[in-house]
Amino acid sequence: MVHVNLVKKWMYVLLAFLVVLTICLWKETRKGYYFSLKVESQTEQVHMTLWKWRIPKQRNIQDKAVNDSNKVFWSTKVSQVKIKDNISGTQAGSNLVSKPKKLADFIKVWNKDSSSKNLTPRLQKVRKNYLAMNKYHVNYSGLRNAAKLSPEKLLCQLRERLNFQMIQSSDGPFNTSEWKAYLPRRNISMELGQLGQCAVVSSAGSMKSSHLGPEIDSHDAVLRFNGAPTKGFQADVGDKTTIRLINSQLITVEEQKVVTDPQYNTGTLIVWDPAPYHANIHEWYRKPDYNFFNSYKHYRNRHPEQPFYILNPYMQWQLWDILQENSPEDIQPNPPSSGMLGIVLMMHFCDKVDVYEFLPSKRQTDICHYFQKFFDQACTMGAYHPLLFEKNMVKHLNQGTDEAIYTLGKVTLKGLRNVQC
Ligand SMILES: *[C@@H]1O[C@H](CO)[C@@H](O)[C@H](O)[C@H]1NC(C)=O
Ligand SMILES: *[C@@H]1O[C@H](CO)[C@@H](O)[C@H](O)[C@H]1NC(C)=O
Ligand SMILES: *[C@@H]1O[C@H](CO)[C@@H](O)[C@H](O)[C@H]1NC(C)=O
Ligand SMILES: *[C@@H]1O[C@H](CO)[C@@H](O)[C@H](O)[C@H]1NC(C)=O
Ligand SMILES: *[C@@H]1O[C@H](CO)[C@@H](O)[C@H](O)[C@H]1NC(C)=O
């Protein structure tokens, strides 16, 4: 008898414990987003896996920027969650779309006047925190949307104010005989030649099931980002890679993978690194965001035949200034996304650029990458990068139709060399 009572008691205790646990877990998952940090754009393919172990330990810190060995990360509650099959547009997403009059009512595409007010409270807070943090010491004092430029004027600004050069052996700290052996001998214009029709393929989750592969591969040149794979995804993203734009974090933190994975060994590589605001090459060389120079050399030793360039540090902030000038509010004082950098690079090299899923199509999803199962709204809306404002600009410059955005996620931009200024 005594025995049975004891067992019963324990059963109740166990049951109560389970109930409490269930309630706690349920509350946790409702608190918000699952995965967020120095969150990258759809196209900003910092491997999410790469971030996992860099996430600060303070798991309960919510919406608060924290230092992690002097690097600033964005941390919210972190847990990996398997994606549900059916994630549809979010509320903030639907605030950000406009209904073009001419088209059927159901077509909704990015509104070029989207403002930070359209962001969820969490992402609004993130933006404010980055503004307060000002990691790159931005002291911008120029215009703010004095008059929104026409697309033609904006194209001229991009053409005239952006420095599209890669680091050369005549550039300051790179003018040693050692660096001369590592930097490609031919400049990138010679290497690529004048390109005609180009495609920029974002790594957004919405590339999945797009069946855009053949269309993408029909372009003369294709730019991809970071670790975005083609193998196994050809039907949706195509097979051709002419340029791969990678960030310094990827090559530094995943050096071994980048050096050995054959997918990086196709086409021309360009690496970029966030620099202090308008730093010159010397200042940047002393204080890169990620000290990728040895990894770069390592890669060059292993693949000496492949053209591999280092983007000059000027372009990112020249582009940032133009984004800020054309936005009515303060944009995040962090460099533009790889996505935006890749877009303007291709506008420089090509006659015409089709950009896929930078502006979300009807397949819009919070899944960050077509090849991974993480999701976060920040991947579409931006947290670290001023992605919202980049998208406004790209929408403003679009020469294609809203229908193409809606159905294909496709934006068509004019090559800068064809712009009359
Ligand atoms: C972050 O790091 C910087 C520089 O190391 C330091 O000055 C600052 O106080 C730190 N902030 C927090 C919130 O720990
Ligand atoms: C996905 O969700 C939408 C509405 O949220 C619903 O209409 C649709 O049937 C769902 N699809 C699947 C496959 O569950
Ligand atoms: C911004 O900072 C730089 C370097 O710290 C300085 O040279 C420049 O004058 C500053 N500009 C403004 C507008 O304060
Ligand atoms: C490298 O460039 C610096 C200026 O940026 C110059 O002072 C130096 O003499 C140059 N060194 C060589 C070896 O050309
Ligand atoms: C690239 O190199 C070629 C030949 O060496 C030269 O004519 C051209 O001006 C260079 N282009 C740039 C952008 O430096």
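In each ligand, atom 1 is the first atom listed, and ligand 1 is the first ligand listed. In this chain, residues are counted from 1 in sequence order.
- Of the residues listed (V237, V201, T230), the one engaging V222 in a side-chain contact (heavy atoms from CB on, under 4.5 Å) is V201, and it is the only one.
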Kindly list each side-chain donor-acceptor pair under 3.5 angstrom involving residues 339-353, sequence neighbours excluded, with atom names and distances?
{"residue": "D351", "atom": "OD1", "partner": "R417", "partner atom": "NH1", "Å": "2.7"}
{"residue": "K352", "atom": "NZ", "partner": "Q197", "partner atom": "OE1", "Å": "3.1"}

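- The protein heavy atom nearest to atom 11 (N) of ligand 4 is N175 ND2, 2.9 Å.
- Taking the ring axis of Y264 as reference, the NZ or CZ atom of R244 stays within 45° of it and closer than 6.0 Å to the ring centre.
- When each atom of ligand 5 is checked for a heavy atom of M190 under 4.0 Å away, the hits are 1 (C), 2 (O), 3 (C), 4 (C).
- The distance from ligand 4 to the heavy atoms of G172 drops below 4.0 Å at these ligand atoms: 1 (C), 2 (O), 5 (O).
- Judged by the 6.0 Å distance and 45° axis criteria, K391 is positioned over the aromatic ring of W110.
- When only non-hydrogen protein atoms are considered, atom 12 (C) of ligand 5 lies nearest to N187 ND2, 3.3 Å.
- Within 4.0 Å of atom 7 (O) of ligand 4, not a single protein heavy atom is present.
- Stacking of K108 on the aromatic ring of Y406 is not recorded, the 6.0 Å distance cut-off and the 45° axial limit not both being met.
- For Y296 and Y182, the distance between ring centers is not under 6.0 angstrom.
- For atom 14 (O) of ligand 5, the nearest protein heavy atom lies closer than 4.0 Å.
- Atom 5 (O) of ligand 4 has H282 NE2, 3.3 Å as its closest protein atom, hydrogens excluded (heavy atom only).
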